[in-house]
Trainee: 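After the structure tokens below, expect a handful of questions from me.
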There are 2 protein chains.
Amino acid sequence: MRPSAKPPSTKAAAKPRRRASAAPAPRPYHHGDLRRVLIDAALQLVGEGGPDAVSVREAARRAGVSPGAPFRHFPNRAALMNAVAEEAQRRFRAEIEAVLAEAPTSDPLARFRCLGLAYLRWAMKNPTHFEIISSRRFFDHDMTAGVSQDNAELIDLTGRTLAEAFAQGQLRSSDLKQVQIAGRALVYGFARMNIDGHFPRWGVADAEIERTAEGILDLLIEGIAKVPGKSP
Amino acid sequence: MRPSAKPPSTKAAAKPRRRASAAPAPRPYHHGDLRRVLIDAALQLVGEGGPDAVSVREAARRAGVSPGAPFRHFPNRAALMNAVAEEAQRRFRAEIEAVLAEAPTSDPLARFRCLGLAYLRWAMKNPTHFEIISSRRFFDHDMTAGVSQDNAELIDLTGRTLAEAFAQGQLRSSDLKQVQIAGRALVYGFARMNIDGHFPRWGVADAEIERTAEGILDLLIEGIAKVPGKSP
DNA sequence: TTGTGAATGTAAGCATCGATTACACGGATT
DNA sequence: AATCCGTGTAATCGATGCTTACATTCACAA
């Protein structure tokens with residue numbers, strides 16, 4: 001199939017000193033941890049130009065490696081994206097849980113609010129990374145157990161928090177699943193409006209976004225909270 | 001620059017009857033309305049495989065035209081996508097307004113609900129087309145006045161509806177902009193959750209989606225509506 | 001009617017990308 | 001020390017967006 005066969009190795013001679021003098025180490029033949037470096041490069045690309053800006057070749061270029069090398073570590077581009085999504089999801093979850101750890105334990109509804117706020121803030125600060133973990137377009141959920149699991153546990157966490165709030169009589173509605181989905185739709189929608197560039201069309205300046213985020217979250221909380229002086 | 005010059009036309013001879021017999025008209029040199037046909041082909045591609053499935057060449061292929069032809073009508077792929085988005089947005093707006101035309105005129109809050117429902121239903125029925133008009137990824141807002149304008153007018157329409165509801169004392173909050181953004185975030189979020197394949201992870205089956213959509217919309221309405229027996 | 005220019009199609013080609021294949025290197029194991 | 005296999009390279013393929021040179025035909029004016 002391949003027409004031209006290559007002459008058998010002039011490489012050893014062509015390659016200069018091997019980690020000898022103080023020169024910036026001309027990279028040994030084997031990279032060390034290319035997989036990790038590729039994921040980092042891809043993460044960086046996502047941060048720079050969004051998920052579409054990730055190309056296997058560019059990641060390879062940044063890793064200082066040939067265009068075919070990445071395919072030793074990832075069967076295809078999607079697999080690389082999966083790894084990137086996994087990393088992003090890990091960071092996302094870590095932040096959410098860190099924030100929640102500092103929330104008041106005695107007021108579940110306030111904790112629920114904290115969850116929403118942490119979600120929104122992370123999405124605002126890391127729009128491109130948020131995008132990658134949100135849209136299945138960029139990776140294969142079935143192929144990426146890590147993302148799905150992290151996600152499921154976050155869903156569980158909010159579900160439990162909501163259940164506690166209900167148990168303490170803080171909610172008007174008893175259809176917790178509905179409430180939870182509404183809450184998720186609200187914060188996810190807001191985050192995506194930001195990512196998708198809707199806010200300029202809504203006359204919301206960048207500086208106002210975080211305040212607006214908090215505002216709509218409070219609107220939700222008020223909407224689902226039981227009015228103190230009123231029994232169902 | 002170009003090495004090989006072509007012999008000067010054997011085409012006229014090679015081309016068979018020209019719209020003569022009853023044969024299916026071997027397409028004249030000029031297509032007729034290639035621009036329109038390309039948009040339709042692209043719309044179809046969007047419907048089949050989402051926005052990413054659209055390629056200029058495939059659209060050309062389906063139009064039965066050479067790969068370079070589309071560039072006579074669209075300076076680049078983005079411009080084609082813009083046209084597609086414009087068409088989709090037109091249809092979207094038409095449906096919304098048609099639904100609203102049948103809504104009760106005396107109850108603004110009910111009209112607001114109708115708007116939300118129409119939005120959700122269209123998004124559920126045309127997920128890929130909805131995606132294309134939602135995410136600026138696929139087209140350039142500045143380049144596509146039509147989409148932005150249609151969108152702005154829909155935003156205006158909901159804004160006015162909400163203002164009427166407030167004027168009739170149907171709302172708890174007086175911060176209408178906040179309410180409107182919350183409402184939009186909710187329906188947009190729900191629509192995107194559907195597009196982005198979140199619902200399987202939430203245990204929401206396809207058959208339940210529409211009902212759930214209605215449920216969260218009602219939750220919102222209840223949340224923003226003034227409780228009858230309670231004055232602020 | 002005829003001639004000419006603009007509009008619009010074709011053919012060929014470039015660069016880039018994802019992906020594959022044959023081969024080269026070199027660390028780890030024996 | 002010999003060898004095996006994980007990992008990198010080089011070359012190549014097919015598809016895509018886009019450009020350029022050329023071909024064809026329509027519309028309009030003389």
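Each chain gets a letter, A, B and so on, in the order the sequences are listed, and its residues count up from 1. Quantities reported herein were computed from a predicted structural model and do not represent experimental measurements.
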Trainee: Checking only heavy atoms, does the side chain of A:R72 share a donor-acceptor pair with the base of D:dG6 at less than 3.5 Å?
Mentor: no

Trainee: So does B:R91 pair up with B:E95, basic N to acidic O under 4.0 Å?
Mentor: no

Trainee: So, does A:H73 get its side chain near the phosphate of D:dG6, meaning an N or O under 4.0 Å from OP1 or OP2?
Mentor: no

Trainee: Partners of B:D40 by side-chain hydrogen bond (donor to acceptor under 3.5 Å, both in side chains), sequence neighbours excluded?
Mentor: B:R36

Trainee: Can you tell me how far P of C:dC17 sits from CZ of A:F71, to the nearest Å?
Mentor: 11 Å

Trainee: Using heavy atoms and a sub-4.0 Å distance, could you list which residues of residues 44-55 of chain A are near DNA chain D? By number, please.
Mentor: none

Trainee: Rounded to whole angstroms, how far apart are CZ on A:R35 and P on D:dT7?
Mentor: 11 Å

Trainee: Report yes if at least one side-chain N or O of B:R61 is closer than 4.0 Å to OP1 or OP2 of D:dT16; otherwise report no.
Mentor: yes

Trainee: May I have the distance from B:M81 (atom CE) to D:dT16 (atom C1'), rounded to whole angstrom?
Mentor: 14 Å

Trainee: Who are the side-chain hydrogen bond (donor to acceptor under 3.5 Å, both in side chains) partners of B:R62, not counting sequence neighbours?
Mentor: B:E48, B:E58

Trainee: Within this structure, what is the CD-to-P distance between B:E58 and D:dG17, rounded to whole angstrom?
Mentor: 10 Å

Trainee: Specify the residue among A:R77 and B:R57 whose closest nucleotide of DNA chain C lies further upstream toward the 5′ end.
Mentor: B:R57

Trainee: With ring pair (Phe, Tyr, Trp, His ring centres under 6.0 Å) as the rule and sequence neighbours excluded, what pairs involving residues 42-93 of chain B come up?
Mentor: B:F92-B:Y119, B:F92-B:W122

Trainee: Restricting to pairs with a member in residues 151-160 of chain B, which pass salt bridge (Lys or Arg N to Asp or Glu O under 4.0 Å), not counting sequence neighbours?
Mentor: B:R93-B:E153

Trainee: Tell me: CZ of A:F138 to P of C:dG18, nearest whole Å?
Mentor: 14 Å

Trainee: Applying salt bridge (Lys or Arg N to Asp or Glu O under 4.0 Å), name anything that partners B:R113, two or more places apart in sequence or on another chain.
Mentor: B:E214, B:D218

